[in-house]
Amino acid sequence: MILIDEKARVERDTKEVVDLTQALVRIPSVYRPGVTDGNEEKAAHYAAAYLERMGLEVHVEEAAPGRPNVIGIYDTGKPGKTLLFEGHTDVVTEGDPARWTHDPFGADIVDGRMYGRGTNDTKGNLACAITAVHSLIKDKESLNGKIILCIPCDEEGMMIGIKHFIDQGWARGVDGAVICEPEENQLCTAQKGAMRIQIDAFGRQAHGAMPLTGLNPNTRMAKIIVALDELDQREKERTGRHELLGWPSITPTILQAPVFGEPQINVVPEQCRTTLDIRTIPGQDHEILKQDIQQILDRTMEGDPGFHAVMEVLEERPWTKTDRQDPVVTAVAEAYKKVTGKEPVYNGVPGATDGTFLHLAGVPILTTGGGDREVPHQVDEYIDICDLVETTQLYRQTALEFLQESKKS
């Protein structure tokens with residue numbers, strides 16, 4: 001181990017994490033099918049080259065064409081546990097750039113705050129994880145086992161990156177994972193489950209002046225949506241508010257009619273579609289919820305000849321919970337105390353993360369990272385430089401707590 005003044009180390013790490021965050025944010029990595037460079041490829045290759053310069057074993061694997069995962073491995077050469085840090089390269093759309101005060105991909109720093117898409121969610125936290133590992137290497141800290149930097153694509157979509165990472169066997173043997181997401185450095189030991197459901201209502205097209213010659217799917221869909229709202233309220237009353245995750249929800253998001261062809265004000269459409277973003281908490285069973293929704297469709301169709309409604313589950317992710325006594329949680333908790341001098345605050349993730357699938361693969365997960373948890377996906381997304389500093393040191397100390405003098409039995 002190299003002896004270095006702590007203040008000098010923090011200053012060194014701060015410069016690196018700020019520079020790295022700016023570099024990553026300035027590489028747009030919004031997934032835009034059909035648009036040149038409209039994917040994570042450039043950001044992923046930049047990260048891979050950076051890890052190679054750090055001396056890590058680096059693997060670049062495409063989860064889909066032009067959408068690579070990057071895996072960086074720091075092997076101490078000594079037997080021990082394996083700790084994984086996970087942070088994705090994709091970001092959501094910036095929307096209308098004119099609504100931004102700062103260039104959405106400029107990574108401008110104003111009054112101690114960096115602005116740009118991905119500063120908060122989650123390129124800033126990815127930079128913290130990379131910098132933390134680099135800091136350990138520079139200081140030749142005595143560690144056992146391995147650190148894996150998992151840098152997948154598509155967290156904001158169907159999470160094909162983390163699924164590919166797991167399918168390729170990279171999660172096997174991982175003893176704990178820190179999911180690097182903006183959570184104000186709170187220790188999130190639980191996260192909501194998610195179901196994305198599509199409901200299609202089929203009627204019969206007709207002239208708007210003669211609606212009785214057709215069958216309007218819109219009015220039937222309205223009944224379905226009202227019944228779904230009633231189901232949402234019943235579920236809230238049944239489960240109550242979870243101490244970490246808050247309330248469950250059933251939220252209609254898209255309402256579209258007609259589904260195909262041009263809408264016209266004087267035409268009764270043949271088909272109406274809605275999508276549901278369902279977020280679940282402990283105490284809810286996805287299979288029972290699906291049955292409840294199907295019963296709503298069945299009741300709406302009953303006694304209504306010619307009307308038909310079907311549902312399709314597009315994606316399903318269970319809620320997760322990690323025990324506070326799990327080694328990855330206790331390591332982060334101890335690291336937080338040492339870095340901040342305060343007791344950690346425990347919380348839950350209001351949505352789902354790539355950690356959902358690592359959890360399903362048997363890996364204990366803890367989600368934490370810098371940045372206001374309500375800022376992701378907003379115009380003028382930002383992260384405070386002080387958050388980048390604290391999170392880098394939190395991740396660094398977490399690795400020390402988890403891997404120092406800790407050998408796998």
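Please read these numbers as outputs of a predicted model, since none were measured by experiment. When a residue number appears, it is its place in the shown sequence, counting from 1.
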Can you give the donor-acceptor pairs under 3.5 Å from side chains of residues 145-153 to other protein atoms, not counting sequence neighbours?
none

Table please: side-chain donor-acceptor pairs of residues 41-51 below 3.5 Å, with sequence neighbours left out.
unit_1	atom_1	unit_2	atom_2	d
Lys42	NZ	Asp37	OD2	3.3
Tyr50	OH	Glu16	OE2	2.7

Let me have the donor-acceptor pairs involving side chains of residues 362-375, under 3.5 Å, with sequence neighbours excluded, atom names and distances please.
unit_1	atom_1	unit_2	atom_2	d
Thr368	OG1	Gln186	O	2.8
Asp372	OD1	Glu374	N	2.8
Arg373	NE	Glu183	OE1	2.8
Arg373	NH2	Glu183	OE1	2.9
Arg373	NH2	Gly348	O	2.4

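In Arg238, the CZ atom is crowded: over 12 heavy atoms of neighbouring residues, nucleotides or ligands sit closer than 6.0 Å. Taking a 6.0 Å sphere around NZ of Lys236, one finds it holds more than 12 heavy atoms contributed by other residues, nucleotides or ligands. Summarising the local packing, NZ of Lys321 is surrounded by 12 or fewer heavy atoms from other residues, nucleotides or ligands at distances under 6.0 Å. Around CZ of Arg172, the count of heavy atoms belonging to other residues, nucleotides or ligands within 6.0 Å does not exceed 12.
Each of Arg117, Arg99, Arg32 was evaluated against Glu94; a single residue qualifies, Arg32, per the salt bridge (charged side-chain N to carboxylate O under 4.0 Å, His left out) test. Across Asn39, Asn69, Ile160, a single residue satisfies side chain to side chain contact (heavy atoms under 4.5 Å, CB included) together with Asp154, and that is Ile160.
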- Query: Gln397 and Glu334: side-chain contact (heavy atoms from CB on, under 4.5 Å), yes or no, with the steps?
  - Reply: CA-CA 8 Å; Gln397 190 63 37; Glu334 187 61 28; over 6 Å; no

- Item | Criterion side-chain contact (heavy atoms from CB on, under 4.5 Å) on Trp170 and Glu61, from CA distance to verdict | CA-CA 11 Å; Trp170 291 108; Glu61 300 178 344; 3.1 Å; yes

- Item | Candidate pair Phe202 and Val310, rule side-chain contact (heavy atoms from CB on, under 4.5 Å), full reasoning | CA-CA 9 Å; Phe202 298 91; Val310 296; 3.9 Å; yes

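Ser249 places no side-chain N or O within donor-acceptor distance of the main-chain N or O of Thr251, the cut-off being under 3.5 Å.
Using a 4.5 Å heavy-atom threshold, the side chains of Glu181 and His88 count as touching. Side-chain contact between Ile199 and Ile293: present, with at least one pair of heavy atoms (C-beta onward) separated by less than 4.5 Å. Side-chain atoms of Gln22 and Ile109, non-hydrogen and from C-beta on, do get closer than 4.5 Å to each other.
Using a 4.0 Å cut-off between charged side-chain N and carboxylate O, Glu230 and Arg299 make no salt bridge. Taking the charged nitrogens against the carboxylate oxygens, Arg67 and Glu156 have no contact shorter than 4.0 Å, which rules out a salt bridge. The residues Lys290 and Glu287 are annotated as salt-bridged, a charged nitrogen and a carboxylate oxygen being separated by less than 4.0 angstrom. Ion pair Lys15/Asp19 flagged as a salt bridge, since at least one NZ, NE, NH1 or NH2 atom sits closer than 4.0 Å to an Asp/Glu carboxylate oxygen.
Every residue was checked against the ring-ring contact (aromatic ring centres under 6.0 Å, His included) condition with Tyr336, not counting sequence neighbours, and none meets it. When the side-chain hydrogen bond (donor to acceptor under 3.5 Å, both in side chains) test is applied to Thr280, the partners found at least two apart in sequence or on another chain are His286. With sequence neighbours excluded, the residues satisfying side-chain contact (heavy atoms from CB on, under 4.5 Å) with Glu343 are Lys337.
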